[in-house]
Amino acid sequence: MPVSLYNTMSRKKEVFEPLVPSTARLYCCGPTVYNYAHIGNLRTYVFEDILHRVLEFNGFKVMHVMNITDVGHMTSDADDGDDKMQTAALRENKSPWEIAKFYEDAFFLDTSRLNIIKPQVTPRATEHVVEMIELIQRLEANGYTYVTTEGVYFDTSRNDDYGKLARLQLENQRTGRNEVVADETKRNPSDFVLWFLNKPTHIMKWESPWGPGYPGWHIECSAMSIKYLGETFDIHCGGVDHIPVHHTNEIAQSECATHAPFVKYWMHGEFLLMNGGKLSKSKLTQQTNDQRPKISTLQTMIDAGYDPLSYRYLCLQAHYRSELNFSLEALDASTAGLRKVYSLRPETDPLAGDAEAYQTARRRVLDAMNDDLGVPQAVGILNSYGSYSLWAEFDAVVGIDFVKRAKTTDVELPAEVLELIAKRNEARKTRQWAASDALRDQLIGMGYEVGDGAQGTTVKSRSL
RNA sequence: GGAGCCGUACCCAAGUGGCUAAGGGAGCGGACUGCAAAUCCGCGAUUCACCAGUUCGAUUCUGGUCGGCUCCUCCA
């Protein structure tokens, strides 16, 4: 079965046929590095990683680009007109560049902990201002812009198919909530800024043909994707929230500048919900009265004793186009499930020695994955077979370090551990159950699994 | 006001116009055992929010009701 992907543009699953045979050119909207990524953000990067891996598994060479938004944009989460990067800089008494570097590093640490393959190119917005200005100039030459005291605007009324991705009906769009101050200099409510002007308090600024200022939010993705992948490329990903504004505007400005179709397949990941709603970066630092550990970033999850791959595994069990209800109960369930996967051994592989059965099973898993990244189904099939070799092969997509974690031979135990085992056996012999249980807990705390069977006590290192 | 999504067992969750509605966790029963933990085996929705309609047949299609979520404002 060929790879088919759900295209937001057509609202249908389509067979993936790249513009250049066997090469998939993929652009994913990356993080704005003014705070830690929360686990909802990370879910989207797991989805994009799965896409990357499924394409590679099917023999495509993947050219993966993801931007780092290190330039602030107007308005904070509270809509008070502050720039996020600048607000963070003031809060932490650092320069915006220091803030950006710090959270960029934190972001890549998180993604590597989740076994997310790093895109080959991760361009920073601040290093591509020249490309953005050139793109705006192309738009200007084509007659799609106008300048006000606030900045250079894209005139959406000149773009006939503006809003085609989101199927917007512009006349029915709200002009904004009451508390949002409307920009009076815009000609149309849907017009958006390409280049901000006259912002004296803004720290990050660049010279431009229109005066000193800084780029609008959307232009960086157009400029950098075009630079690294060409004026038309295969797949563009992001969260569902990007459909109506960010991606809509990217399409408008890109296609009006190049007069070429921008992207062939648009893919969007659904939100992770917590307590029935989405997470917000601006609320990461808020306190809670909840007795249970509050999980918002990957680090808080790790601090609460969870393995990042438990979270990855949880994400894999829900389809990327469905909302996922996060809870500690769900995370516990995925941890227990993953532990069981790691306990598979080649010696008890039900498919061992039966090449035909293996191929049938392999086909089923691959078909599920290739059907719009049906990874939840694929994982279900993998679980129903319980085959070491099948998991080992598909770990290329699943990415849970299967072979490494599901150790085939147990490592030699350190003397300290052997001593504890001896002490525990002694305690068991004399029926001192409390003492022996305490020793077992100690071993578990040190990362070992203790089991008492008919052949005596076995101790092996835990992988989770 | 507009656009879109969702509602499947205790929890997470996949899926389909008609074979037994995946998988994981929890739970229960059993084996083993220290009436323990770990492990292993078995069981689990006569039913897919509700009400109509289309159909020989709907959880799956259409319409409505109720409930929830997202976007239209920076956002994964």
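Per chain, numbering begins at 1; letters A, B, ... match sequence-line order. Side chains are part of it too, since the values below use all heavy atoms of this structure and drop only hydrogens, waters and symmetry mates.
- Aromatic stacking is not marked for F271(A) over A76(B), as the cut-offs of 5.5 Å for the centres and 30° for the planes do not both hold.
- Taking 3.5 Å as the limit, the base of G25(B) and the side chain of T335(A) contain no donor-acceptor pair of atoms between them.
- Separating the C1' atom of A22(B) from that of A45(B) is a span of 13 Å, rounded to the nearest Å.
- The partner of A13(B), taking Watson-Crick or G-U wobble pairs whose two distances both stay under 3.5 Å, does not exist in any strand shown.
- The nearest heavy atom of RNA chain B to R167(A) and to C29(A) marks one nucleotide each, and the one closer to the 5' end goes with R167(A).
- Contact annotation for R339(A): no contact, since no heavy-atom pair falls under 4.0 Å across all strands.
- Using a 4.0 Å heavy-atom distance criterion, G269(A) is classed as making no nucleic acid contact.
- Checked by distance alone, R428(A) brings a side-chain donor or acceptor within 3.5 Å of a matching partner on the base of G34(B).
- Closest of all the heavy-atom pairs between E250(A) and C29(A) is OE2-SG, 3.9 Å.
- With rounding to whole Å, Y27(A) atom OH is found 14 Å from A76(B) atom C1'.
- Of all nucleotides listed (A76(B), G34(B), A38(B)), A76(B) comes nearest to the side chain of T44(A).
- Taking atom CD1 on I39(A) and atom C1' on A76(B), their separation rounds to 12 Å, with Å as the unit.
- Using a 4.0 Å heavy-atom criterion, one finds that H242(A) contacts the sugar-phosphate atoms exclusively.
- With D372(A) as the fixed residue, the salt bridge (charged side-chain N to carboxylate O under 4.0 Å, His left out) test singles out one of K13(A), R321(A), K12(A): R321(A).
- At a threshold of 4.0 angstrom between heavy atoms, the contacts of D441(A) with the nucleic acid are absent.
- Looking at heavy-atom distances under 4.0 Å, L314(A) makes contact with sugar-phosphate atoms alone, never a base.
- Across A49(B) and U8(B), the matching P atoms stand 7 Å from one another, rounded to whole Å.
- For the pair E270(A) CD and G4(B) C1', the interatomic distance rounds to 9 Å; values are reported in whole Å.
- Judged by Watson-Crick or G-U wobble contacts below 3.5 Å, the nucleotide U73(B) has no partner.
- In this structure, N325(A) reaches the A13(B) phosphate: one of its side-chain N or O atoms is under 4.0 Å from OP1 or OP2.
- To the nearest whole angstrom, the two P atoms, one in U60(B) and one in A9(B), are 15 Å apart.
- Contact annotation for V245(A): backbone-only contact, meaning every heavy-atom pair under 4.0 Å involves sugar-phosphate atoms and none involves a base.
- Residue contacts for L324(A): at a heavy-atom cut-off of 4.0 Å it reaches the sugar-phosphate backbone alone, with no base atom in range.
- Counting non-hydrogen atoms under 4.0 angstrom, G337(A) reaches the backbone sugars and phosphates but no base.
- Summarising the geometry of M267(A) relative to Y320(A), their closest heavy-atom pair is CE-OH, 3.3 Å, with the distance given to 0.1 Å.
- Atom CG of L420(A) and atom P of A37(B) are 22 Å apart (whole Å).
- The pairing partner recorded for U55(B) is none, the criterion being a Watson-Crick or G-U wobble arrangement whose two distances lie under 3.5 angstrom.
- For the P atom pair drawn from C72(B) and A26(B), the interatomic distance equals 40 Å after rounding to whole Å.
- Minimum heavy-atom separation, V263(A) to D234(A): CG1-O, 3.7 Å.
- Spacing of C1' atoms, U33(B) relative to C40(B), comes out at 13 Å, to the nearest Å.
- Taking 3.5 Å as the limit, the base of G4(B) and the side chain of R321(A) contain no donor-acceptor pair of atoms between them.
- Residue contacts for H246(A): at a heavy-atom cut-off of 4.0 Å it reaches no nucleic acid atom on any strand shown.
- With P as the reference atom, C50(B) and G7(B) are 13 Å apart, rounded to whole Å.
- Judged by distance alone with a 3.5 Å cut-off, a donor-acceptor contact links the side chain of D452(A) to the base of A36(B).
- Base pairing analysis places A49(B) opposite U65(B); the two distances defining the Watson-Crick or G-U wobble pair are each below 3.5 Å.
- Closest to the side chain of W433(A), from the set G23(B), G34(B), C11(B), is G34(B).
- The cationic group of K199(A) does not satisfy the cation-pi geometry with Y214(A), failing either the under 6.0 Å distance to the six-membered ring centre or the 45° limit from the ring axis.
- When the C1' atom of G15(B) is taken as reference, atom CD of Q317(A) falls 15 Å away, rounded to whole Å.
- Taking the six-membered ring for Trp and thresholds of 30 and 60 degrees, H236(A) and W266(A) have nearly parallel ring planes, at less than 30 degrees apart.
- Taking atom P on both nucleotides, U54(B) is separated from C66(B) by 23 Å, rounded to a whole Å.
- Pairing partner, U39(B): A31(B), with both Watson-Crick or wobble hydrogen-bond distances short of 3.5 Å.
- The CG atom of D307(A) lies 6.0 Å from the OH atom of Y342(A); values are rounded to the nearest 0.5 Å.
- Note on K278(A): a side-chain N or O is less than 4.0 Å away from OP1 or OP2 of C71(B).
- A distance of about 22 Å separates the C1' atoms of C69(B) and G63(B), rounded to the whole Å.
- We find that CE of M274(A) is positioned 18 Å from P of C11(B), with the value rounded to whole Å.
- Regarding contacts with the backbone of G23(B), every side-chain N or O of N383(A) stays at 4.0 angstrom or more from both OP1 and OP2.
- Expressed to the nearest 0.5 Å, how far OH of Y162(A) lies from CD1 of I251(A) amounts to 9.5 Å.
- As a whole-Å value, the separation of D332(A) CG from A13(B) P is 15 Å.
- As judged by a 4.0 angstrom heavy-atom cut-off over every strand, T458(A) is placed among residues making no nucleic acid contact.
- Relative ring orientation between Y388(A) and F402(A) is described as tilted, the plane-to-plane angle lying within the 30° to 60° band.
- A distance of 8.0 Å separates NE2 of H247(A) from CG of L165(A), quoted to the nearest 0.5 Å.
- When distances run from any side-chain atom of Y45(A) to the nucleotides A76(B), G23(B), C11(B), the shortest one goes to A76(B).
- Residue R440(A) is in base contact, counting any heavy-atom pair closer than 4.0 Å across all strands shown.
- Of the residues near RNA chain B, F326(A) and L42(A), the one whose nearest nucleotide (by heavy atom distance) lies more toward the 5' end is F326(A).
- Summarising the base pairing, A22(B) is matched to no nucleotide, lacking a Watson-Crick or G-U wobble pair whose two defining distances lie under 3.5 Å.
- Residue S343(A) places none of its side-chain N or O atoms closer than 4.0 Å to OP1 or OP2 of U39(B).
- Nucleic acid contact for Y313(A): none, since no nucleic acid atom lies under 4.0 Å from a heavy atom of the residue.
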